[in-house]
Peer 1: 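Below are the structure tokens for one structure; questions will follow.
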Amino acid sequence: MSIYDADWQDKPAGYYADPEVKARHDRWVLQEQRFTHFVDEELRIMGHDPETVLDSDVLTEAETRARRRL
């Protein structure tokens with residue numbers, strides 16, 4: 001299930017009739033994907049595999065570095 005489906009699963013049918021709402025959500029999804037990509041890159045730079053379960057301190061550091069890049 002994609003991020004898009006999961007976030008909007010509870011919305012009534014026809015909710016996307018407002019193009020502004022859909023555009024705002026699409027921008028949010030793109031920003032989240034971009035941030036996730038940056039976090040993965042930072043984890044690789046730090047010498048970690050993004051697919052493994054990591055310590056919260058390592059993730060926090062990677063997220064902090066990724067936020068600086070945004």
Side-chain angles (χ1 to χ4, degrees):
M1 179 180 293
S2 71
I3 293 173
Y4 188 85
D5 292 338
D7 287 345
W8 293 90
Q9 207 169 29
D10 59 337
K11 302 299 181 213
Y15 190 75
Y16 300 107
D18 185 2
E20 184 179 328
V21 171
K22 184 174 185 324
R24 191 173 343 133
H25 180 261
D26 290 344
R27 280 191 304 271
W28 178 80
V29 168
L30 288 174
Q31 287 174 343
E32 287 296 313
Q33 290 173 342
R34 184 175 177 223
F35 178 71
T36 302
H37 176 73
F38 284 156
V39 170
D40 287 348
E41 283 183 356
E42 290 298 331
L43 286 170
R44 285 186 184 96
I45 290 169
M46 294 167 62
H48 298 284
D49 180 18
E51 300 299 320
T52 60
V53 178
L54 300 169
D55 184 22
S56 64
D57 294 334
V58 173
L59 287 175
T60 302
E61 177 64 25
E63 289 175 354
T64 302
R65 290 181 179 191
R67 282 192 185 90
R68 287 187 212 139
R69 292 177 62 184
L70 288 178

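We count residues from 1, following the sequence as given.
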Peer 1: Please name all residues satisfying side-chain contact (heavy atoms from CB on, under 4.5 Å) with Thr64, sequence neighbours left out, ordered by chain then number.
Peer 2: Thr60, Arg68
Peer 1: Leu30 and Asp26: side-chain contact (heavy atoms from CB on, under 4.5 Å), yes or no, with the steps?
Peer 2: CA-CA 6 Å; Leu30 288 174; Asp26 290 344; 5.5 Å; no
Peer 1: Please enumerate all residues that pass side-chain hydrogen bond (donor to acceptor under 3.5 Å, both in side chains) together with Glu63, with sequence neighbours excluded.
Peer 2: none
Peer 1: Can you give me every donor-acceptor pair (side chain of residues 47-57, partner residue at least two apart or in another chain, under 3.5 Å) with its distance?
Peer 2:
residue: Asp49; atom: OD1; partner: Glu51; partner atom: N; Å: 3.4
residue: Thr52; atom: OG1; partner: Asp49; partner atom: O; Å: 2.8

Peer 1: Scan for salt bridge (charged side-chain N to carboxylate O under 4.0 Å, His left out) pairs involving residues 36-48, sequence neighbours excluded, and state none if there are none.
Peer 2: Glu41-Arg69, Glu42-Arg65, Glu42-Arg69
Peer 1: When rounded to the nearest 0.5 angstrom, what is the spacing between CZ in Phe38 and CG in Leu43?
Peer 2: 13.5 Å
